[in-house]
Amino acid sequence: GLASLDGIYLVMRILAPNTSARLVVGLCQDTGRYTRAFVPVDTLHVDQGNRWQEVVVDLGAYTGTGRRVALRMDRGLQADSSEFYIDNLRITGCGTTEPWASHLGSDRLTLHFESFGVGTVEVAYGDTLISPAVSPLLLSGLTPDSDYLFSIGCADGQHRLLGVRTMESA
């Protein structure tokens, strides 16, 4: 059997430009012309639009023996097929969603992100490392009218980059 999937997540970005869609994420035992023993884990509701949506699926509830991630379109919404795109698909034990900044000032800003999984989230910029980091994270004492590149992620996993420019001082 497969070891426990507690603390394991499937992360991906989805785009559905023409119509809303439901995408069923599951695991199966093998692949071929038809997938056998597909076990659904989660159903994702993908909104129509020209904006990528990041989704995180917790695989921890899965108790089967399948070793392959499978994606299946749920045709319950429409009789014809829906068009959708998947990007940046990965399986991880810890991570963060796409970060963003708010309350930009000349010497401060607030970083926002959602963390998932087990592990310590850290934020690094310049010679500064903040670990553990939690969102929202207020950073002050920054240099006005300057560019900063923040690296946000798990200590032992993938990091996301966010470039921010502070405002000019008044």
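Counting only distance, with no hydrogens or angles, the side chain of Glu54 and the backbone of Glu98 share a donor-acceptor pair below 3.5 Å. In this structure, Ser131 contributes its side chain and Glu122 its backbone to no donor-acceptor pair below 3.5 Å. No donor-acceptor distance shorter than 3.5 angstrom exists from the side chain of Ser115 to the backbone of Thr96, with no hydrogens or angles considered. With Ser146 contributing its side chain and Pro144 its backbone, the two residues share a donor-acceptor pair below 3.5 Å. In this structure, the side chain of His159 engages the main chain of Cys154 through a donor-acceptor pair within 3.5 Å.
Val11 is not connected to Leu71 by any chain of hydrophobic side-chain contacts under 4.5 Å among Ile, Leu, Val, Met, Phe, Trp and Tyr, and they are in different clusters. Leu111 is not connected to Leu129 by any chain of hydrophobic side-chain contacts under 4.5 Å among Ile, Leu, Val, Met, Phe, Trp and Tyr, and they are in different clusters. Linking Ile, Leu, Val, Met, Phe, Trp and Tyr residues whenever their side-chain heavy atoms come within less than 4.5 Å leaves Val69 and Tyr85 in two separate clusters. Hydrophobic clustering, with ILVMFWY side chains joined whenever heavy atoms are under 4.5 angstrom apart, keeps Trp100 apart from Leu142. Both Met12 and Ile8 belong to a common hydrophobic cluster when Ile, Leu, Val, Met, Phe, Trp and Tyr are linked at side-chain heavy-atom distances under 4.5 angstrom.
Between the CG atom in Leu161 and the CG atom in Leu149 there is a gap of 5.0 Å [rounded to 0.5 Å]. Interatomic distance, CG of Leu137 versus CD1 of Ile152, reported as 8.0 Å (0.5 Å rounding). Rounding to the nearest 0.5 angstrom, the gap separating the CZ atom in Arg160 from the OG1 atom in Thr97 is 6.5 Å. Considering CG of Leu23 and CD1 of Ile86, their distance stands at 5.5 Å, rounded to 0.5 Å. Atom CG in Leu44 sits 5.0 Å away from atom CG in Asp42 (nearest 0.5 Å). One finds the CZ atom of Arg72 at 4.5 Å from the CZ atom of Phe38 (value rounded to the nearest 0.5 Å).
Other residues, nucleotides and ligands contribute over 12 non-hydrogen atoms within 6.0 Å of the CD atom of Gln53.
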Between Arg165 and Asp145, is the side chain to side chain contact (heavy atoms under 4.5 Å, CB included) condition met? List the steps. CA-CA 6 Å; Arg165 182 164 189 85; Asp145 196 29; 3.0 Å; yes
Please assess Leu139 against Ile130 for the test side chain to side chain contact (heavy atoms under 4.5 Å, CB included), listing each intermediate value before the final yes or no. CA-CA 10 Å; Leu139 300 172; Ile130 300 169; 3.5 Å; yes
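Considering every non-hydrogen atom in both Leu15 and Gly49, the closest pair reads CD1-O, 3.3 Å. In plain terms, the two heavy atoms of Val123 and Phe150 that are nearest each other are CG1-CD2, 4.2 Å. Residues Asp58 and Gly60 approach most closely at OD1-N, 2.8 Å, considering heavy atoms. In plain terms, the two heavy atoms of Ser140 and Arg108 that are nearest each other are CA-CB, 4.0 Å. Heavy-atom minimum distance, Ala101 versus Leu162: N-CD2, 4.1 Å. The minimum heavy-atom distance between Val24 and Pro40, with the atom names listed, is CG1-CB, 3.8 Å.
Proximity of Trp52 to Asn88: side-chain heavy atoms (C-beta onward) are nowhere separated by under 4.5 Å. Inter-residue side-chain proximity for Tyr9 and Val57 is flagged as unmet; no heavy-atom pair is nearer than 4.5 Å. Considering only heavy atoms from C-beta on, Leu59 comes within 4.5 Å of Leu27 through its side chain. Contact of the Tyr148 side chain with the Leu109 side chain is not registered, since no non-hydrogen atoms from C-beta on lie closer than 4.5 Å. Looking only at side-chain heavy atoms (C-beta outward), Thr166 and Ser106 stay at 4.5 Å or farther from each other. Residues Val46 and Arg22 are not in side-chain contact: their nearest non-hydrogen atoms beyond the backbone lie 4.5 Å or more apart.
Among residues at least two apart or in separate chains, there is no disulfide bond (SG atoms under 2.5 Å apart) pair with a member in residues 101-145.
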